[in-house]
Amino acid sequence: MTVPFVARLLAEHGAEVIKVAWGARLAPCGSFPRSSGTSSPNVGALWNLVNASKRSVTLDLNQPRARAFVRSLVQLSDVVIDDFGVDPLPRWGLTPLGLRALRPDLILARSSVYVRSGLLSGMP
């Protein structure tokens, strides 16, 4: 969970951080037990710990309109931190070169819980 804390730290130091969540799968901290039987991750203590000071949007990135929205956010951004796991961004047509074409001075940081190649690369 390093990436969520890095993004929170940036937000707490004045950066406007917009968390783009993929609606098909919650982040691990969003799937922990929540109060009152609600299905919203926004009431979970761990979710709120790592996402404090951030704005967020949940999108179905399999939809062209959602990907277009992400592209419009990238054009306004200084930094993109990819924490989606093993390369779903390229599957959605959001390659590192494509993102830099939208914003040439973009800082792109990529991370995943597991490695991007090798035996563990297919882990979610």
Side-chain angles (χ1 to χ4, degrees):
M1 278 204 297
T2 303
V3 171
F5 281 112
V6 167
R8 178 183 168 181
L9 184 65
L10 291 171
E12 289 180 354
H13 284 85
E16 182 174 15
V17 175
I18 304 170
K19 174 185 175 56
V20 177
W22 180 24
R25 184 171 29 167
L26 284 175
C29 64
S31 61
F32 287 166
R34 296 176 281 281
S35 62
S36 320
T38 181
S39 62
S40 172
N42 294 324
V43 296
L46 184 55
W47 178 268
N48 287 315
L49 174 69
V50 298
N51 292 303
S53 303
K54 300 178 194 177
R55 296 175 187 239
S56 66
V57 61
T58 300
L59 301 171
D60 178 356
L61 291 168
N62 292 315
Q63 301 300 315
R65 284 182 49 182
R67 293 190 303 269
F69 181 73
V70 169
R71 285 186 190 92
S72 69
L73 285 177
V74 168
Q75 290 175 320
L76 302 172
S77 300
D78 296 317
V79 178
V80 170
I81 303 173
D82 167 12
D83 188 28
F84 277 112
V86 182
D87 296 326
L89 285 181
R91 281 195 310 258
W92 295 319
L94 301 167
T95 64
L97 288 175
L99 295 174
R100 285 217 174 86
L102 297 170
R103 176 83 186 222
D105 60 343
L106 182 71
I107 297 169
L108 179 59
R110 302 180 76 207
S111 178
S112 66
V113 175
Y114 295 98
V115 296
R116 292 196 178 268
S117 63
L119 294 175
L120 297 178
S121 64
M123 300 298 285

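All heavy atoms count here, side chains included; hydrogens, waters and symmetry mates do not.
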Checklist entry - What are the two closest heavy atoms between Arg71 and Gly93, and how far apart are they? => result NH2-O, 3.6 Å

Checklist entry - Just how far is it from atom CG of Leu99 to atom CG of Leu73, taken to the nearest 0.5 Å? => result 11.5 Å

Item to check | Test log, rule side chain to side chain contact (heavy atoms under 4.5 Å, CB included), inputs Arg8 and Leu49 | outcome: CA-CA 9 Å; Arg8 178 183 168 181; Leu49 174 69; 3.4 Å; yes

Next on the checklist: Give me the atom names and distance for the closest heavy-atom approach of Ala11 to Ser53.
Outcome noted: CB-O, 3.3 Å

Item to check | Atom of Ser77, atom of Leu106 and distance for their closest heavy-atom approach | outcome: O-CD1, 3.9 Å

Checklist entry - What's the verdict on side chain to side chain contact (heavy atoms under 4.5 Å, CB included) for Leu94 and Asp82, showing C-alpha distance, side-chain angles and the deciding distance? => result CA-CA 10 Å; Leu94 301 167; Asp82 167 12; over 6 Å; no

Checklist entry - Charged N to carboxylate O under 4.0 angstrom, Asp60 versus Arg65? => result no

Next on the checklist: Is there a path of hydrophobic side-chain contacts, each under 4.5 Å between heavy atoms of I/L/V/M/F/W/Y residues, joining Ile18 to Leu9?
Outcome noted: no

Next on the checklist: Same cluster or not: Ile107 versus Leu10, using hydrophobic residues (I, L, V, M, F, W, Y) connected whenever any side-chain heavy atoms lie under 4.5 Å apart?
Outcome noted: yes

Checklist entry - Is the side chain of Arg103 donor-acceptor paired with the backbone N or O of Gln75 at a distance under 3.5 Å, no angle test? => result yes

Checklist entry - Taking the side chain from Arg55 and the backbone from Val17, do they hold a donor-acceptor pair closer than 3.5 Å? => result no

Next on the checklist: Contact between Pro4 and Lys19 at the side-chain level, heavy atoms closer than 4.5 Å - yes or no?
Outcome noted: no

Checklist entry - Less than 4.5 Å apart, any side-chain heavy atom of Trp92 and any of Val70? => result no

